[in-house]
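The model shown is predicted, which means the values in this text are computed figures rather than measured ones. Below, all heavy atoms of this structure are taken into account, side chains as well, without hydrogens, waters or symmetry copies. In the text below, chain A, chain B and the rest are named by the order of the sequence lines, each starting its count at 1.
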There are 2 protein chains.
Amino acid sequence: MGPSERAERLQAAGLKVTGPRLAILDAVERNRNHPSAEEIHQGLAESHPSVSLSTVYSTLGTFVRAGLVRKLSEVDGRLRVDGTKGAHDHAICRMCGVIFDIDRDVAAAVATPTELPGGLAVLEVRVEYDVVCSNCRTTD
Amino acid sequence: MGPSERAERLQAAGLKVTGPRLAILDAVERNRNHPSAEEIHQGLAESHPSVSLSTVYSTLGTFVRAGLVRKLSEVDGRLRVDGTKGAHDHAICRMCGVIFDIDRDVAAAVATPTELPGGLAVLEVRVEYDVVCSNCRTTD
DNA sequence: GTGTATGCAAACAGTTTGCACAGAC
DNA sequence: GTCTGTGCAAACTGTTTGCATACAC
């Protein structure tokens, strides 16, 4: 994905195109490991050392609101972000905390109702798997 | 549920029976609203004013480790706890943040695999629904 | 009597906020 | 030129930790 394409996507979302925003969007989409704000900030340290952590936070908030990235609330309570497009679920290793993407078709037959008892209108269904990954199982 | 029954359950879990533990277990199981540590602490303010917030935290950790209560990681990043027995899922209202219990049988056909691609051994499957509750929908 | 649980206060981590400056449009 | 985005520092919230005392067993 070229940088100009990213700029267009920012504009399409009604956002101003700035250096920090391009860099953060790039970092989020390139990092498949559901990075935290701190991890994104550190990842930018060499290429864009002047981008501050608070800019990372506010920009991530902007991106989430604009629908450019997904916010994960799982595990350790830290803000974690997912730049992967398309519906998929997450498996979290209870030992090491690593988060794996799980293709929903592969794993579970999840019926996605549009309404739940009590008049709850369903916007989205999230499925999370608590797992032990192969690495943690063997090094047990 | 009588207090002596709670004491027995603590003993069965290998835990010492103390006043704070009985009070906190009572508060968690009586409060159907997935209380946070702070909410539990405030709920104890009249009946057990001497129980400190750090005791609530450490006791909740003990209970979670002993399997007496479930820990929820959803929403606002705060520790939230669920004393309801039996497998069930959660719906979180995106507007007001209230968490609803959802009987799994009612809502979704979730196949629960014991293993996922990549050698992930599944311990537990959690389903979360992002919803808008009827209250927030009408007062829109 | 021994060992764990408790309470208090201080430390800590992650996130948010206020404000002055810089940059996109 | 205007209005929003940015960087810095300080504030804030929720949680954890260290240590001396109290209590369950």
Side-chain angles (χ1 to χ4, degrees), chain A residues 3-4 6-27 34-45 47-66 68-69 71-81 97, chain B residues 3-4 6-27 34-45 47-66 68-69 71-81 97:
Chain A
S4 60
R6 288 232 170 70
E8 286 165 22
R9 288 204 294 134
L10 287 174
Q11 288 176 323
L15 302 176
K16 287 187 185 173
V17 178
T18 72
R21 286 182 174 180
L22 288 171
I24 292 169
L25 187 56
D26 178 63
H34 312 87
S36 66
E38 185 69 46
E39 285 163 353
I40 291 167
H41 184 234
Q42 288 174 2
L44 264 46
S47 57
H48 299 77
S50 72
V51 174
S52 75
L53 182 58
S54 67
T55 295
V56 173
Y57 274 106
S58 90
T59 302
L60 289 179
T62 303
F63 286 176
V64 169
R65 252 170 276 122
L68 291 174
V69 307
K71 181 163 131 186
L72 307 183
S73 48
E74 295 114 42
V75 273
D76 53 12
R78 289 199 296 178
L79 171 65
R80 287 185 174 274
V81 126
Chain B
S4 61
R6 287 232 170 71
E8 286 166 23
R9 288 205 293 135
L10 286 173
Q11 287 175 324
L15 302 177
K16 287 185 185 173
V17 178
T18 70
R21 286 184 175 178
L22 289 170
I24 292 168
L25 187 56
D26 179 62
H34 311 88
S36 65
E38 185 69 48
E39 286 162 353
I40 292 168
H41 184 234
Q42 288 175 2
L44 264 46
S47 55
H48 299 77
S50 72
V51 174
S52 76
L53 182 57
S54 67
T55 296
V56 173
Y57 274 108
S58 88
T59 302
L60 289 179
T62 302
F63 287 176
V64 169
R65 253 171 276 123
L68 291 175
V69 308
K71 180 163 130 186
L72 307 183
S73 48
E74 296 112 43
V75 272
D76 52 15
R78 290 199 295 178
L79 170 65
R80 287 185 173 274
V81 126

(message) Would you say T62(B) and T59(B) are linked by a side-chain donor-acceptor pair, where the criterion is simply a distance under 3.5 Å?
(response) no
(message) Pairing donors with acceptors under 3.5 angstrom, does anything connect the side chains of S58(B) and T55(B)?
(response) no
Name the pairs: protein N/O against N/O of nucleotides 8-12 of chain C, kept only if under 3.5 Å.
from	atom 1	to	atom 2	distance (Å)
dC8(C)	N4	S54(B)	OG	3.2

Quick test: give all pairs of protein nitrogen or oxygen and nucleotides 23-25 of chain D nitrogen or oxygen below 3.5 Å, distance rounded to 0.1 Å.
from	atom 1	to	atom 2	distance (Å)
dA24(D)	O3'	V17(B)	O	3.4
dC25(D)	OP1	V17(B)	N	3.0

Atom-to-atom span, [atom1] of [X] to [atom2] of [N] - whole angstrom:
X	N	atom1	atom2	answer
I40(B)	dT15(D)	CD1	C1'	14 Å
H41(A)	dG14(C)	NE2	P	13 Å
E39(B)	dT13(D)	CD	P	15 Å
L79(B)	dG14(C)	CG	P	17 Å
H48(B)	dT6(C)	NE2	P	12 Å
E38(A)	dT16(C)	CD	C1'	15 Å
L10(A)	dC25(C)	CG	P	9 Å
Q42(A)	dA13(C)	CD	P	13 Å

(message) Quick check for you: to the nearest 0.5 Å, what is the distance between I40(B) atom CD1 and L60(B) atom CG?
(response) 4.5 Å
(request) To the nearest 0.5 Å, tell me how far F63(A) CZ sits from I24(A) CD1. (result)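 Here the rounded value is 6.0 Å.
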Do the side chains of [Y] and [X] get nearer than 4.5 Å, heavy atoms only?
X	Y	value
V17(A)	R6(A)	no
R80(A)	K71(A)	no
E39(A)	R78(A)	yes

(message) Is there a side chain to side chain contact (heavy atoms under 4.5 Å, CB included) between L72(B) and V81(B)? Walk through the geometry before answering.
(response) CA-CA 6 Å; L72(B) 307 183; V81(B) 126; over 6 Å; no
(message) On DNA chain C, does the nearest nucleotide to L53(A) precede the nearest nucleotide to R21(B) from the 5' side, or the other way round? Give the residue.
(response) R21(B)
(message) With side chain to side chain contact (heavy atoms under 4.5 Å, CB included) as the criterion, how do L10(A) and T18(A) come out once you've worked through the C-alpha distance, each side chain's angles and the decisive distance to 0.1 Å?
(response) CA-CA 9 Å; L10(A) 287 174; T18(A) 72; over 6 Å; no
(message) Measuring from the side chain of P20(A) (C-beta onward, heavy atoms only), which nucleotide among dG7(D), dT6(C), dT16(D) has the closest atom?
(response)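 Output: dG7(D).
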(request) Determine: side-chain N/O of T59(A) to OP1/OP2 of dT6(D), distance under 4.0 Å, yes or no. (result)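 Checking dT6(D) against T59(A), a side-chain N or O does come within under 4.0 Å of OP1 or OP2.
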